[in-house]
Amino acid sequence: MADITIPAFIRGRTVRENLVRFDGRGASPSFLAPDPELLLADLPLRDPGALGELHALAFDEIVDFLARLGRHLDPDRNEFLAQALENSVHWSDMTAPLVRSAYAQLPALFAADTVREVADTAIGIDRLDGWVQLRMSDGRVAAIRAMGARAAHIIAGNSPLVAALTIVRNAIARSDAVIKLPSNDPLTALAIARTMAAIAPQHPITRHLSVAYWKGGSQEFERRLYRPAHLEKIVAWGGLASVRHITQYVQPGLELIALDPKRSATVIGVDAFADTATLTDVARRAATDVGALNQLGCLNARVIYVASGTDAAGLARANQVGQLVYDQMQLLPAAVSTPAKRFDPELRAHLSALRTSPEYYRVIGGSRDEGAVIVSQLSEPVDFHTLLSGRVANIVPVDTPLDALKYVNAYTQTIGVYPESLKWQLRDKLALHGAQRLTSLGYAASGNTALPQDAIEPLRRMVRWIVDETCDTAKVTPLWSAMPEALTPRVQGE
């Protein structure tokens, strides 16, 4: 195939000059992109005072701009998104139907009501739009405001929605963003940025966005970019190695907001076995939590703890759930889930090995890389559960949902629970063990961007919280009032 060029976008300007070749990840093809060393002078916003033009915008103006942008994000009418969709096959881990489905969701992220909900839930629109006055118990009057920062965003490429969410959050925060394109999605953020320039090239939000590719781990380049003189925040999505690499640049004045890798699970109570219709519905929900996004997200279920019991009858019930989950996974629409684009050969080898030990594990499906369900015949996950991907789930029979607690830790992100009453019973315990998000079974991949993520509030941390205090000596006792009279300086002539 001919070399594909991935330009850079620097504050409204598309850059195609000084191209160098970059190797694709794994079997992905190489591509051409501007030499990041020659972009370094323009990537960071060197004058923080220039953020003033963003803070001069009323929040309604930001909402209007994002809503207008969202109306232009249709790949059937937007040449930049159409090109990105066409070329995503070369680098994306997602299949084409899933990329198109993600692109179909882009306008909703930029809709006015959505943007307002995100801003007001995470921060408060009044705190974004100006100074909010508070009267404190000690008599002082304080005014606080959430103000933007200069930030680098090292985004994940497992879903195009990450790029869009980053751009929305940056605009809400009135921040300046430098987005590092991920090798498995070097197209979406760039397409959205170029759309911004096409509809409003001189808008302050357009002028405070830069998008470029550089190879992760380029220490000399990153050492010169990740400096408090250039940036106040680094927002890092990604694997453990990349997050650890970025920590070396953290110092006073440069904060790391880490959205590091997580694993998710499911807990199903005994109520699932009430009748055939209920069990089929539960299996459909569980299959959705496993299969959505082709299990590429941290939020996808991998291990499913089922309160079936662990005696012979309990194992039979667990095997029944396993078959139903597998069957339902094959019925998911292509816009939600498809067979994996690339199936992990190591995982395939593990599945083959388990088939030789049916007394310990039952493997349902997986012969055509279409996805599989491993039903443990013991009350514990498979020892390679961290490798589960490509729509492969592990069902673990337990006697009580409380037995799942010992497998929950700080790496646990989302837990889908059935029924709701069980979620309410377990939520404090699950949270104490490390779980970060609990949701109704079947909704793991249907998140709301206004809510906390990974047990933090990323948007709230993206802004800088500034305080202005007014202290009236008649109301706030000054420290100097405690000075002995003999030590109080006298004015000459007294």
Side-chain angles (χ1 to χ4, degrees), residues 1 23-29 85 87-102 156-160 162 182-186 238-241 261-266 283 286-304 322-358 360-376 381-396 413-414 444-445:
M1 59 174 266
D23 292 331
R25 190 179 65 170
S28 300
L85 179 61
N87 290 318
S88 66
V89 65
H90 301 302
W91 298 290
S92 178
D93 298 321
M94 302 174 89
T95 56
L98 294 182
V99 177
R100 176 168 281 279
S101 176
N158 56 343
S159 169
V162 175
S183 59
N184 52 343
D185 182 16
L240 185 60
K262 301 289 191 298
R263 293 186 287 272
S264 297
T266 298
T288 301
D289 284 353
V290 173
L293 306 174
N294 277 9
Q295 212 177 16
L296 290 169
C298 292
L299 46 71
N300 285 112
R302 284 163 170 78
V303 180
I304 302 173
Q323 185 66 57
L324 286 171
V325 169
Y326 172 81
D327 292 341
Q328 290 296 322
M329 197 154 51
Q330 308 312 305
L331 297 175
L332 292 173
V336 174
S337 184
T338 68
K341 186 174 180 179
R342 304 180 186 92
F343 198 89
D344 182 358
E346 183 179 357
L347 178 58
R348 187 187 298 115
H350 279 298
L351 293 178
S352 297
L354 290 188
R355 296 181 199 278
T356 65
S357 304
Y360 299 114
Y361 303 101
R362 180 179 176 186
V363 179
I364 302 170
S367 60
R368 296 173 285 108
D369 293 348
E370 78 283 10
V373 176
I374 306 164
V375 186
S376 295
V382 294
D383 57 8
F384 56 90
H385 61 91
T386 58
L387 294 179
L388 297 179
S389 60
R391 310 200 307 177
V392 177
N394 177 203
I395 287 181
V396 177
Q413 190 208 65
T414 297

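No hydrogens, no waters, no symmetry mates; every other heavy atom, side chains included, goes into these values. In this text the structure is predicted, and so the values were computed from the model without any measurement.
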Check your understanding: Does Asp289 use its side chain to pair, donor to acceptor, with the backbone of Ala301 at less than 3.5 Å?
Key -> no
Review point. Taking all non-hydrogen atoms of both residues, which atom of Ser367 and which atom of Glu370 are closest, and how far apart?
Key: N-OE1, 3.6 Å
Check your understanding: Listed by chain and number, what are the side-chain contact (heavy atoms from CB on, under 4.5 Å) partners of Arg302, not counting sequence neighbours?
Key -> Gln295, Asn300, Leu388
Practice item. Could you pull out all residues at least two apart from Arg355 that satisfy side-chain contact (heavy atoms from CB on, under 4.5 Å)? Key: Val363
**Study point:** Non-neighbouring partners of His350 that pass ring-ring contact (aromatic ring centres under 6.0 Å, His included), sequence neighbours left out
**Key:** Phe384
Point to revise | With Arg263 via salt bridge (Lys or Arg N to Asp or Glu O under 4.0 Å) - residues at least two apart | key: none
Review point. For Gly322 and Ile364, which heavy atoms make the closest approach, and how far apart are they?
Key: C-CD1, 3.5 Å
Exercise for review: Return the set of residues passing side-chain hydrogen bond (donor to acceptor under 3.5 Å, both in side chains) with Asp327 (not counting sequence neighbours), or none when no residue passes.
Suggested key: Gln323
Check your understanding: Looking only at heavy atoms, which two atoms of Ala372 and Leu351 are closest? And how far apart?
Key -> CB-CD1, 4.2 Å
Revision key, fill the gap. The side chain to side chain contact (heavy atoms under 4.5 Å, CB included) partner of Tyr326 among Ile395, Val290, Val373, Val375 is Val373
**Study point:** Partner set under side-chain hydrogen bond (donor to acceptor under 3.5 Å, both in side chains) for Thr414, not counting sequence neighbours
**Key:** Arg437
Review point. side-chain contact (heavy atoms from CB on, under 4.5 Å) with Ala335: which residues, sequence neighbours excluded?
Key: Ser101
Review point. Okay, side chain of Ser183, backbone of Gly24: is any donor-acceptor separation there less than 3.5 Å?
Key: no
Check your understanding: Do side-chain atoms of Ser357 reach the backbone of Leu354 as a donor and acceptor pair under 3.5 angstrom?
Key -> no
Revision key, fill the gap. For Arg391 and Gln330 the tightest heavy-atom approach is NH2-OE1, 3.7 Å
Review point. Residues in side-chain hydrogen bond (donor to acceptor under 3.5 Å, both in side chains) with Thr338, at least two apart?
Key: Thr95, Asn294
Check your understanding: Of the non-hydrogen atoms in Ser337 and Gly291, which two are nearest, and what is the gap between them?
Key -> OG-O, 2.8 Å
Check your understanding: Considering residues at least two apart in sequence or located in another chain, which fulfil the side-chain contact (heavy atoms from CB on, under 4.5 Å) criterion with Asn158?
Key -> Ala156, Val162, Leu296
Revision key, fill the gap. Minimal heavy-atom distance between Ser92 and Lys341, with the atoms involved, is O-NZ, 2.7 Å
Exercise for review: For Arg348, check salt bridge (Lys or Arg N to Asp or Glu O under 4.0 Å) against everything at least two apart and list the hits.
Suggested key: Asp369
Practice item. Could you walk me through whether Leu293 and Leu98 pass the side chain to side chain contact (heavy atoms under 4.5 Å, CB included) test, one step at a time? Key: CA-CA 7 Å; Leu293 306 174; Leu98 294 182; 5.6 Å; no
Point to revise | Any residue meeting side-chain hydrogen bond (donor to acceptor under 3.5 Å, both in side chains) with Thr288, in chain and number order, not counting sequence neighbours | key: none
Review point. Which salt bridge (charged side-chain N to carboxylate O under 4.0 Å, His left out) pairs, counting each pair once, include a residue from residues 91-102, with sequence neighbours left out?
Key: Arg25-Asp93, Asp76-Arg100, Asp93-Arg342
**Study point:** Side chain to side chain, Arg368 and Pro339, heavy atoms closer than 4.5 Å
**Key:** no
Check your understanding: Would you say the side chain of Pro29 lies within less than 4.5 Å of the side chain of Trp91, judging by non-hydrogen atoms?
Key -> yes
Review point. Do the non-hydrogen side-chain atoms of Ser376 and Tyr361 ever get within less than 4.5 Å of each other?
Key: yes
